[in-house]
Amino acid sequence: MFIALFLVVVLLIVGGIHWYLWRRLVKDVVTTRRGRRVGTLVVVLLGVLIPVTLVGSRVLPLEQQPVLAWPGFLWLALMFYLLVTLALLELPRLALRVWTRRREPQPVDNPVDSSVMSVDSAGRPVQGTVDGQVTAVDSPATAAPGGAVGSGVVDSPPVDGAPVDGRFDPARRLLLGRSLAATAGALSVAAVGIGTWQAKSAPVLKRVPIRLAKLPASMSGFKIALVSDIHLGPLLGKSHTERIVRIINSVGADVVAVVGDLVDGSVAELGPAAEPLQDLQARHGSFFVTGNHEYFSGYQEWIDEVNSLGVRVLRNERLDVQGLDLAGVNDVTGKDVGDGPDFAKALSGRDASRPVVLLAHQPVQAHEAAKHGVDLQLSGHTHGGQMVPFNLLVGLEAPVVSGLGTVDGTQVYVTRGAGFWGPPVRFGAPPDISVIELHRA
């Protein structure tokens with residue numbers, strides 16, 4: 001019942017967005033019947049493509065999913081940016097229409113010189129003079145709308161672009177609609193094009209110094225290579241993992257931390273794509289905590305698989321690394337299957353004089369981490385918003401969207417992640433791998 005209701009809501013939202021796009025990109029800019037029919041058909045097909053893609057990504061075998069995923073998710077991204085740009089352009093559209101209406105000319109009353117007016121045999125006026133010029137006077141049968149017989153009112157013709165009978169001039173409206181549609185189209189295509197290039201490019205390597213008051217002086221310069229949201233799936237495979245491993249191995253990390261959302265599929269489908277993780281190099285080992293997507297992809301199988309690759313999964317536990325407590329908790333989504341985070345299990349009974357670094361997939365988990373005296377939490381999940389301005393919406397839920405912040409006294413660093421989910425687009429939020437360099441405060 002819930003799934004059916006959710007699908008109905010999605011269809012209504014997608015349908016409403018496409019109706020708006022049809023009005024602005026077809027109805028307002030296409031003048032021929034044939035053109036409108038073709039445009040309407042295209043909008044309908046694109047609207048249907050989105051739910052078909054979402055369903056297909058769940059039911060089709062992994063090797064068949066790219067056929068739908070590429071066009072479907074690219075259109076989803078383009079649809080989003082068209083919606084945003086067209087909505088923003090409604091303001092200048094409204095301003096231009098108001099400004100043009102104010103330029104509407106007013107009729108001027110000119111008295112007719114009755115002393116020189118001629119009449120026909122029935123005594124009706126047929127012509128006269130207005131300001132010394134001969135002009136025809138309309139009979140009752142041919143009088144212009146709004147003009148009275150014999151009133152002497154001469155209506156000025158509308159100037160180009162002015163409202164006609166209280167309505168915006170069709171020629172001006174067409175020009176405005178086409179101009180705004182072209183602007184929205186160009187900006188949206190540019191955003192999606194740049195975003196696709198960024199999403200498929202190598203993650204940016206960021207070096208982030210962070211100071212911890214309790215850190216032993218001997219550990220100053222301790223490096224944690226942090227990566228999240230790799231999102232192996234129909235559009236990101238083994239070569240994506242290999243590139244990430246090469247980048248991480250180039251920094252000479254003391255610890256590698258993979259903080260969730262490794263996969264979007266089963267071990268049977270994506271096990272080979274994850275194999276390069278066995279080549280990760282770090283002085284004190286590589287570690288993993290679950291993200292929300294692991295719980296949609298057979299989390300228990302993936303826990304076993306990741307452990308078999310030599311990457312230790314921290315499941316509500318901690319260990320000592322040269323005087324540093326390194327802890328990891330399960331993702332909050334695990335609560336739905338009885339595998340949620342247990343901060344008390346991971347952090348209770350430790351020496352409070354030692355610094356503790358917590359691996360937790362979602363930044364929102366920092367509120368609970370702060371209650372247990374965590375010095376630094378390393379997270380992902382947000383993708384940095386993935387596509388601006390989604391970062392503004394993500395910020396409503398996540399206390400830190402990307403970079404370093406503080407939550408209830410605990411420092412929280414959030415990586416933008418190395419992959420993408422849904423649209424293969426990252427606009428304004430390029431992928432990254434972060435090297436956390438710890439220093440004594």
Side-chain angles (χ1 to χ4, degrees), residues 2-3 6 226-233 257-266 287-307 311-319 325-348 350 356-386 390-391 393-422 434:
F2 174 78
I3 295 178
F6 174 76
L226 175 68
V227 65
S228 181
D229 301 279
I230 296 174
H231 283 293
L232 298 175
V258 184
V259 288
D261 280 7
L262 171 64
V263 292
D264 288 302
S266 67
F287 302 91
F288 177 83
V289 291
T290 55
N292 54 307
H293 282 250
E294 273 70 58
Y295 292 99
F296 309 142
S297 305
Y299 75 97
Q300 190 58 62
E301 285 188 343
W302 273 113
I303 289 170
D304 296 338
E305 181 70 13
V306 171
N307 274 321
V311 180
R312 179 174 173 179
V313 182
L314 296 178
R315 294 177 50 71
N316 299 321
E317 57 188 305
R318 74 176 184 274
L319 64 150
D325 285 339
L326 181 66
V329 292
N330 302 345
D331 184 65
V332 293
T333 309
K335 290 180 179 180
D336 297 336
V337 292
D339 194 54
D342 189 334
F343 288 86
K345 180 181 177 182
L347 298 167
S348 294
R350 66 180 194 85
V356 57
V357 174
L358 176 69
L359 309 182
H361 178 62
Q362 299 196 38
V364 72
Q365 294 175 273
H367 294 292
E368 190 65 27
K371 298 176 182 177
H372 291 82
V374 169
D375 298 288
L376 173 64
Q377 176 175 310
L378 303 178
S379 298
H381 182 63
T382 67
H383 297 204
Q386 186 163 322
F390 265 125
N391 56 309
L393 296 178
V394 173
L396 298 177
E397 186 267 343
V400 181
V401 176
S402 67
L404 184 62
T406 302
V407 178
D408 301 336
T410 290
Q411 293 189 86
V412 180
Y413 181 80
V414 180
T415 172
R416 292 191 298 256
F420 54 79
W421 182 76
S434 298

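Quick caveat: nothing in here was measured; it's all calculated off a predicted structure.
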Sidechain-backbone polar pair: [X] side chain, [Y] backbone, donor-acceptor under 3.5 Å:
| X | Y | result |
| --- | --- | --- |
| D229 | H381 | yes |
| R416 | S228 | no |
| E294 | G291 | yes |
| S297 | G265 | yes |
| D264 | G233 | no |
| S402 | V414 | no |
| R312 | F287 | no |
| Q386 | W421 | yes |
| T382 | V401 | yes |
| N316 | G340 | yes |

Decide if the gap between the ring center of H231 and the ring center of H383 is smaller than 6.0 angstrom.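 Centroid distance H231-H383: below 6.0 Å, so yes.
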Could you label the plane-to-plane angle of the F296 and H293 rings as parallel, tilted or perpendicular, counting under 30° as parallel and over 60° as perpendicular?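 If you compare the ring of F296 with that of H293, the planes turn out perpendicular.
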Among V407, T406, V394, which residue satisfies the side-chain contact (heavy atoms from CB on, under 4.5 Å) criterion with V400?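 For V400, the side-chain contact (heavy atoms from CB on, under 4.5 Å) check succeeds only for V407.
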Between [Y] and [X], do the side chains contain a donor N or O and an acceptor N or O under 3.5 Å apart?
| X | Y | result |
| --- | --- | --- |
| H367 | D408 | yes |
| Y295 | T290 | yes |
| D331 | Q362 | yes |

Could you check V374 against L347 for side chain to side chain contact (heavy atoms under 4.5 Å, CB included), going step by step and ending with a plain yes or no? CA-CA 8 Å; V374 169; L347 298 167; 3.7 Å; yes
Would L326 and L359 satisfy side chain to side chain contact (heavy atoms under 4.5 Å, CB included), going step by step from the backbone distance to the final call? CA-CA 8 Å; L326 181 66; L359 309 182; 4.2 Å; yes
Any side-chain heavy atom of [X] within less than 4.5 Å of one from [Y]?
| X | Y | answer |
| --- | --- | --- |
| E397 | P363 | no |
| R350 | R318 | yes |
| Q411 | D375 | no |
| L358 | F343 | yes |
| V259 | L226 | yes |
| V306 | L262 | yes |
| P399 | V412 | no |

Begin from the C-alpha positions of V329 and D342 and carry the test side chain to side chain contact (heavy atoms under 4.5 Å, CB included) through to its verdict. CA-CA 7 Å; V329 292; D342 189 334; over 6 Å; no
Output, in order, the C-alpha distance, side-chain angles, deciding distance and verdict of side chain to side chain donor-acceptor pair (under 3.5 Å) for D261 and H361. CA-CA 8 Å; D261 280 7; H361 178 62; 3.2 Å; yes
Look up atom CG in L319 and atom CG in L314, then write down how far apart they are to the nearest 0.5 Å.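 Here the interatomic distance stands at 6.0 Å.
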D339 bridged to R315 by N-O distance under 4.0 Å: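 Result for this pair is yes, salt bridge flagged.
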Side chain to side chain contact (heavy atoms under 4.5 Å, CB included) assessment of K345 paired with E317: CA-CA 7 Å; K345 180 181 177 182; E317 57 188 305; 5.8 Å; no
